[in-house]
Participant: 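Handing you this structure, nothing more for now.
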Amino acid sequence: MPELPELVNFKQYIDSTSLHQKIAQVEVLEPDILSNTDSEKLRSALEGLEFKAAAVHGKYLFLQTTDSYQLVLHFGMTGRPVYYKKEEQQPDYPRLLITFTNGYHLAFDCMRMLGKVSLISDQNKFIEEKNLGPDALKEVSSVEKFLELFSSKRGMIKTALMDQSLLAGIGNVCSDEILFQSRIHPKTPVNDLKKEQLKKIYDNMHSVLKTKIEAGLSPDGLPNSYILKHRSEGAQCPSCGSKIKKIKVGGRSAYYCPNCQKK
DNA sequence: AATATTGTTCAGCA
DNA sequence: GTGCTGAACAATAT
């Protein structure tokens, strides 16, 4: 589930737990999660260094070290970082385990192994190789930029919002909320959208991302007016009371209100 | 027991 | 190149 707002929360978590401590040990418990490196390379590169900063781009988290290396984490659908000290606090699915000299551990916990860990030295090069668009929050920060991105885009609006090569960070859950707040049907072709509607989507993109960041990792903190609190088939729309519908859009499940969100 | 879920990547087709 | 679909990946809940 980790989309941009969760990533920002992960960054804050790393900032407050794992920076400026010497890495004593690096254990790869599941080599399949490594993408451009191997266990031995990762170990020899990281041991003895410290993490000095964390940065987010879309759904990727970059951990910068005191050397030129950066550890890149992608959390797939079920990943999260877990910082702990005692063995009994170890999460259930640690795939990479970093131990600091203070005795604490940082685990890359990932139940379904769809997460990825890379070791890189050039962040911009990585972003280019992965063909990632600008970060939806930090880099798509004016409505003009947003309109320009979408001006040459075709296809359905939900699919476009989730297209990481167009703009990075929005997944299935956030795109549902952005379109619900905008009262726009997820299958609306981008071509058909009026400028006013695209502006509305831009505004809601920012407000949804920020609201989710402030709500933290538990959905309880979200406003009741959000569809995310009612994201199941047949649930009541928080705006009009109609039943929420589920349809397939580009192979993904989209939840929407057929009364509020018309094409 | 079959199905849905979640994000990315890749193959095949128009 | 672009858009669309479906499959694959893994493990869990229903």
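Chain identifiers are assigned alphabetically (A, B, ...) following the order of the sequence lines, protein sequences preceding nucleic acid strands; residue numbering begins at 1 within each chain.
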Participant: Any idea which of B:dT8, C:dA11, C:dT2 is nearest the A:Q164 side chain?
Facilitator: B:dT8
Participant: Over all strands shown, is A:G251 touching base, sugar-phosphate only, or nothing at heavy-atom distances under 4.0 angstrom?
Facilitator: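 The residue A:G251 makes no contact with any strand.
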Participant: Checking only heavy atoms, does the side chain of A:R112 share a donor-acceptor pair with the base of B:dT5 at less than 3.5 Å?
Facilitator: yes
Participant: Measure the distance from NZ on A:K116 to C1' on C:dC9 and round it to the nearest whole Å.
Facilitator: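 Distance, rounded to whole Å: 9 Å.
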Participant: Nearest to the side chain of A:K153 - C:dT5, B:dT5, C:dG3?
Facilitator: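 That would be C:dG3.
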Participant: Rounded off to whole Å, could you give me the CG-to-P distance for the A:N131 and B:dT8 pair?
Facilitator: 12 Å
Participant: Has A:K246 got a side-chain N or O lying under 4.0 Å from the OP1 or OP2 atom of B:dT5?
Facilitator: yes
Participant: At 4.0 Å (heavy atoms only), tell me whether A:M156 reaches a base, stays on the sugar-phosphate, or touches nothing.
Facilitator: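 Result for A:M156 = sugar-phosphate.
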Participant: Give the C-alpha distance, both sets of side-chain angles, the deciding distance and a yes or no for side-chain contact (heavy atoms from CB on, under 4.5 Å) between A:V72 and A:L119.
Facilitator: CA-CA 6 Å; A:V72 187; A:L119 185 68; over 6 Å; no
Participant: Tell me: NZ of A:K158 to C1' of C:dT5, nearest whole Å?
Facilitator: 16 Å
Participant: Figure out the NZ/P separation between A:K248 and C:dC4, and round it to whole Å.
Facilitator: 16 Å
Participant: Would you mind classifying the nucleic acid contact of A:K59 as base, sugar-phosphate or nothing, using non-hydrogen atoms under 4.0 angstrom?
Facilitator: sugar-phosphate
Participant: How is A:S253 classified with respect to the nucleic acid when contacts are heavy atoms under 4.0 Å: base, sugar-phosphate, or nothing?
Facilitator: sugar-phosphate
Participant: Quickly work out the A:I170 CD1 to B:dG7 P distance and round it to whole Å.
Facilitator: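 Checked: the CD1 to P distance equals 12 Å.
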Participant: Is a donor from one side chain sitting under 3.5 angstrom from an acceptor on the other, for A:S68 and A:S121?
Facilitator: no
Participant: Can you give me the closest heavy-atom contact between A:G171 and A:E3, atom names plus distance?
Facilitator: N-OE1, 2.7 Å
Participant: Expressed in angstrom and rounded to an integer, what is the separation of A:E3 atom CD from B:dT5 atom P?
Facilitator: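 So the two atoms are 14 Å apart, to the nearest Å.
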Participant: Any side-chain N or O of A:Y255 below 4.0 angstrom from OP1/OP2 of B:dT5?
Facilitator: yes
Participant: May I have the distance from A:R154 (atom CZ) to C:dC4 (atom C1'), rounded to whole angstrom?
Facilitator: 12 Å
Participant: Ion pair present between A:K212 and A:E177, side-chain N to carboxylate O less than 4.0 angstrom?
Facilitator: no
Participant: Roughly, in whole Å, what's the span from CG in A:L114 to P in C:dA11?
Facilitator: 9 Å
Participant: Is any NZ, NE, NH1 or NH2 atom of the basic residue among A:D203 and A:K199 found under 4.0 Å from an Asp or Glu carboxylate oxygen of the other?
Facilitator: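 Judged by the 4.0 Å cut-off on N to carboxylate O distance, A:D203 and A:K199 do not form a salt bridge.
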Participant: Do any side-chain nitrogens or oxygens of A:H74 fall under 4.0 Å of OP1 or OP2 in B:dG7?
Facilitator: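 For A:H74, the contact criterion (side-chain N or O under 4.0 Å from OP1 or OP2 of B:dG7) is not met.
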Participant: Given B:dT9, is OP1 or OP2 found less than 4.0 Å from the side-chain N or O atoms of A:K130?
Facilitator: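 Affirmative; the distance criterion is met.
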